[in-house]
J.: 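Following this message is one structure expressed as structure tokens.
Sequence lines set the chain letters: A, B, ... in the order given, protein chains first and strands last, and positions in each chain run from 1.
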There are 2 protein chains.
Amino acid sequence: MSEGVEWALHSCINLAWIGPERAVPAARLAAWHELPAAYLNKQLQALARAGILASTSGPKGGFRLARPLAEISLMDVVVAVEGTAGAFRCAEIRSRGPGAVPTAGDGPACVIAQAMGRAELAWRRALAEQNLEELRQQAERRTPQAPERLRTWFHGP
Amino acid sequence: MSEGVEWALHSCINLAWIGPERAVPAARLAAWHELPAAYLNKQLQALARAGILASTSGPKGGFRLARPLAEISLMDVVVAVEGTAGAFRCAEIRSRGPGAVPTAGDGPACVIAQAMGRAELAWRRALAEQNLEELRQQAERRTPQAPERLRTWFHGP
DNA sequence: GAATCACTACTCGGATAGGGTGTGTCCGAGTATACATGG
DNA sequence: CCATGTATACTCGGACACACCCTATCCGAGTAGTGATTC
């Protein structure tokens, strides 16, 4: 899985901590964790295309959350960054070679693809059940000083 | 996810259909679905290392199932081919840069890693709950003639 | 005729090249701000 | 003093190289069978 998913999730929570008053440039979000700015920008673009973030150009521009954290699921972020394609893709090898299923005009998918699909569905469901607001609360419970530290650093030089 | 997982699963079921009497060379299993023989051999090696298959060298050698299909879960095959590493790996970016959590001597993982871990756990659980015997029965129900066709072709030229 | 031995052919096993998808970087389009200028 | 036009600096957005892992392949180690040879 892409590195960018982790960056995107952290960035969303950081955006929530900074507050909705002003947009935050990608470079500033990147500096907070010493990430390559241009590449983080690429991930944030993906979030903006997915409607999770709103982007503004020019001075005082940047990214801000397009909707509350409670309305953003882990699944939304993963899909925005990674795309909708599942990890397992059936190459339909059963329809090639001497073992080709004769009747398979365009029947149902092979049982292996179905079985892997069930597992991926469980994964997607688990991702969809968790939203970023819950993650934010868990993070604040763990390190209560984190939001204030971020705001101080951000409004500073 | 690797292509090899699909090949490995099909090969295990095909081995069960051919029967435990004799070992099957990788080249013959590959020919059934027109797969690159040497590369399929590589995947079967991984299954052998994991104890799912037993390998024999020399003439009349090849691979055979090391235990009944009912005792082989989808998870076993995926781990054998892909390794135990999960899809999402936390790079611990929260401990780098100005935003480094000060107290984090070696505390619990960040909430994001935990959340992704929960989703992966659901995926693993779904894989572990399904065994290859179930898949074989489903496949036979769908194409009852498949096992006989395979045996005929295999014992032929 | 039976046992022994060397030879052959066949299989796995790991070491060895090539391509595709992330990973990282760069420069251009667009815009809000700030300032200078004129009324 | 106020309005207006212009220049500027800053941001996103997409286009451009690089690297690593999956894919694919090859050759060597080892073994079972086979045939010749000898007692």
J.: Do any side-chain nitrogens or oxygens of R22(B) fall under 4.0 Å of OP1 or OP2 in dT11(C)?
T.: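 So the side-chain polar atoms of R22(B) never come under 4.0 Å of the phosphate oxygens OP1 or OP2 of dT11(C).
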J.: Figure out the CZ/P separation between R49(B) and dC12(C), and round it to whole Å.
T.: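 Those two atoms, CZ and P, are 14 Å apart.
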J.: Give the rounded distance in Å between these two atoms: CG of L53(B) and P of dC12(C).
T.: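 The answer, rounded to whole Å, is 11 Å.
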J.: Partners of S2(A) by side-chain hydrogen bond (donor to acceptor under 3.5 Å, both in side chains), sequence neighbours excluded?
T.: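 Once residues adjacent in sequence are excluded, the partners of S2(A) under the side-chain hydrogen bond (donor to acceptor under 3.5 Å, both in side chains) criterion are E82(A).
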J.: Write down the distance between CG (L44(A)) and C1' (dG13(D)), rounded to a whole number of angstrom.
T.: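 Value for this atom pair: 12 Å.
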J.: Report, as a single string ordered 5' to 3', how protein heavy atoms within less than 4.0 Å touch nucleotides 23-33 of chain C: B base, S sugar-phosphate only, - not at all.
T.: BBBB---BBB-
J.: Sort and list the pairs that fulfil side chain to side chain donor-acceptor pair (under 3.5 Å) and have at least one residue in residues 52-64 of chain B, not counting sequence neighbours.
T.: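 Every pair satisfying side chain to side chain donor-acceptor pair (under 3.5 Å) with a residue in residues 52-64 of chain B: there are none.
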J.: For a quick check of understanding: with a heavy-atom distance under 4.0 Å over all strands, which category does A23(A) fall into, base, sugar-phosphate or nothing?
T.: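 Counting heavy atoms under 4.0 Å across all strands, no contact is made by A23(A).
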J.: Donor-acceptor pairs are to be reported for all side-chain atoms of residues 29-54 of chain A against protein atoms at under 3.5 Å, with residues two or more places apart or in another chain.
T.:
unit_1: H33(A); atom_1: ND1; unit_2: I93(B); atom_2: O; d: 3.0
unit_1: Y39(A); atom_1: OH; unit_2: Q43(A); atom_2: NE2; d: 3.4

J.: Base, sugar-phosphate alone, or nothing: which one does A27(B) contact when heavy atoms must sit under 4.0 Å apart?
T.: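 No contact at all - A27(B) keeps every heavy atom at 4.0 Å or more from the nucleic acid.
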J.: Salt bridge check, R125(A) against E129(A): does any charged N sit closer than 4.0 Å to a carboxylate O?
T.: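 Answer for the salt bridge query: no.
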J.: How close or far is atom P of dA24(D) from atom CD of E34(B), stated in whole angstroms?
T.: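 In whole Å, dA24(D) P and E34(B) CD are 13 Å from each other.
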J.: Of all residues at least two apart in sequence or in a different chain, which pass the side-chain hydrogen bond (donor to acceptor under 3.5 Å, both in side chains) check with Q137(A)?
T.: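 By the side-chain hydrogen bond (donor to acceptor under 3.5 Å, both in side chains) rule, Q137(A) matches E133(A).
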J.: What side-chain donor-acceptor pairs closer than 3.5 Å can you find for residues 70-80 of chain A, not counting sequence neighbours?
T.:
unit_1: S73(A); atom_1: OG; unit_2: M75(A); atom_2: N; d: 3.4
unit_1: S73(A); atom_1: OG; unit_2: D76(A); atom_2: N; d: 3.1
unit_1: S73(A); atom_1: OG; unit_2: D76(A); atom_2: OD1; d: 3.4
unit_1: S73(A); atom_1: OG; unit_2: D76(A); atom_2: OD2; d: 3.1
unit_1: D76(A); atom_1: OD2; unit_2: R67(A); atom_2: NH2; d: 3.4
unit_1: D76(A); atom_1: OD2; unit_2: S73(A); atom_2: N; d: 3.0

